[in-house]
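Beneath this line is the structure, given in structure tokens, with notes to follow.
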Amino acid sequence: MRITDQYFWHVILGAFFLSLVVSGVIILEGIPESALHQLTPFELVILSLATFRLTRLFVYDRITAFFREQFYVVKKTRTGAVLEKPKGGIRRTLADLVSCPWCFGLWSGSTVVFFYFLTPYAWYPILMLAVSSLGTFLQLGANMVGWKAEQLKKEMEG
């Protein structure tokens, strides 16, 4: 299969995404109290952190593996089974989407921004995602400090 065989599905999914974004803008413009306003730096940081966490949740986290696996093919091996991307078709395009943080990040960001402006109730899950994102960064930082300390300890001993 040539790589260009997937272009059709990429265009279809891209057109679908574009139609969702346009529909979202039309919906938001139709709600007077949710008129798009100038985002403060704080709001931009919160929306960015929420988008990061939502993207990570769907692209990497184990808890959403059941969702990603719907777009893969199970191949049996001697030791069990492995998941592989389908050779082509819409499932291949969706498997590419859910395995690419940059691709899925567009969908996540659009979703977060849409619901942020649609309803004030979206603030709570968005804030929860943003706080979780900060927790992720703190954990990664702590792991890096611990890893560096281990490396230094090994160098001193060895």
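What you see is a predicted model, and the numbers here were worked out from it, not measured in a lab. Worth knowing before you read on, the calculation uses all heavy atoms, side chains too, and leaves out hydrogens, waters and symmetry mates.
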Seminar exercise, completed: Closest non-hydrogen atoms of Ile126 and Ala50, given as atom of the first, atom of the second and distance, are O-CB, 3.5 Å
For this session: Answer yes if Trp9 and Trp102 sit in the same cluster of Ile, Leu, Val, Met, Phe, Trp and Tyr residues linked by side chain heavy atoms under 4.5 Å apart, and no otherwise.
Result: no
Exercise. Should Leu20 and Trp107 count as side-chain neighbours, where that means a heavy-atom distance under 4.5 Å?
Worked result: yes
Exercise. Do Leu97 and Phe71 have side chains that get closer than 4.5 Å, going by heavy atoms?
Worked result: no
For this session: With Phe58 as reference, evaluate Phe52, Phe66, Phe104 under the ring-ring contact (aromatic ring centres under 6.0 Å, His included) test and give the passing residue.
Result: Phe104
Problem set entry | Derivation and outcome, side-chain contact (heavy atoms from CB on, under 4.5 Å), residues Leu127 and Ile46 | CA-CA 7 Å; Leu127 182 62; Ile46 293 297; 4.2 Å; yes
Exercise. Do Met128 and Leu118 share a hydrophobic cluster (ILVMFWY, side-chain heavy atoms under 4.5 Å, transitive)?
Worked result: no
Problem set entry | Spacing of CG belonging to Leu57 relative to CG belonging to Leu129, to within rounding of 0.5 Å | 7.5 Å
For this session: Over all heavy atoms of both residues, which pair between Ser110 and Val21 is shortest? Give the atoms and the distance, please.
Result: OG-CG2, 4.1 Å
Problem set entry | Nearest heavy-atom neighbours spanning Glu69 and Leu83 | CG-CD1, 3.3 Å
For this session: Can you see which heavy atom on Tyr121 is nearest to which on Pro125, and at what distance?
Result: O-CD, 3.3 Å
Exercise. Around Tyr72, counting heavy atoms of other residues, nucleotides and ligands shown, do more than 12 lie under 6.0 Å from its OH?
Worked result: yes
For this session: Answer yes or no: is there a side-chain heavy-atom contact under 4.5 Å between Leu94 and Gln70?
Result: no
Exercise. With hydrophobic residues grouped by side-chain heavy-atom distances under 4.5 Å, do Val112 and Phe67 end up in a single group?
Worked result: yes
Please tabulate, for side-chain N and O atoms in residues 136-144, each donor-acceptor pair with protein atoms closer than 3.5 Å (sequence neighbours left out).
{"unit_1": "Thr136", "atom_1": "OG1", "unit_2": "Ser132", "atom_2": "O", "d": "3.0"}
{"unit_1": "Gln139", "atom_1": "NE2", "unit_2": "Asn143", "atom_2": "OD1", "d": "2.9"}

Exercise. Salt bridge (charged side-chain N to carboxylate O under 4.0 Å, His left out) between Arg53 and Asp61: does it pass, once the steps are laid out?
Worked result: CA-CA 10 Å; Arg53 187 65 192 102; Asp61 289 356; 2.8 Å; yes
Exercise. Measuring from Ile90:CD1 to His10:NE2, what's the distance to the nearest 0.5 Å?
Worked result: 9.0 Å
For this session: Return yes if some donor-acceptor pair links the side-chain N/O of Glu43 with the main-chain N/O of Thr40 below 3.5 Å, else return no.
Result: yes
For this session: In sequence, state the C-alpha distance, the side-chain angles, and the governing distance for Gln6 and Arg92, and then conclude on side-chain contact (heavy atoms from CB on, under 4.5 Å).
Result: CA-CA 8 Å; Gln6 279 305 114; Arg92 171 60 189 239; 3.5 Å; yes
For this session: Please step through side-chain contact (heavy atoms from CB on, under 4.5 Å) for the pair Leu39 and Tyr116, ending with a clear verdict.
Result: CA-CA 11 Å; Leu39 283 176; Tyr116 177 75; 4.1 Å; yes
For this session: Find out whether Phe16 and Val11 are in side-chain contact, i.e. whether some heavy atom of one side chain is under 4.5 Å from a heavy atom of the other.
Result: no
Exercise. Can Val22 be reached from Val113 by stepping across I, L, V, M, F, W or Y side chains whose heavy atoms are under 4.5 Å apart?
Worked result: no
Exercise. Which pair of heavy atoms, one from Pro101 and one from Ser99, lies closest together, and at what distance?
Worked result: CD-O, 3.7 Å
Exercise. Side-chain heavy atoms under 4.5 angstrom apart, residues restricted to Ile, Leu, Val, Met, Phe, Trp, Tyr: same cluster for Leu18 and Ile27?
Worked result: no
Exercise. Atom CZ of Phe115 and atom CG of Leu47: how far apart are they, to the nearest 0.5 Å?
Worked result: 13.5 Å
Exercise. Could you go step by step and tell me if Thr64 and Val98 meet the side-chain contact (heavy atoms from CB on, under 4.5 Å) rule?
Worked result: CA-CA 10 Å; Thr64 53; Val98 298; over 6 Å; no
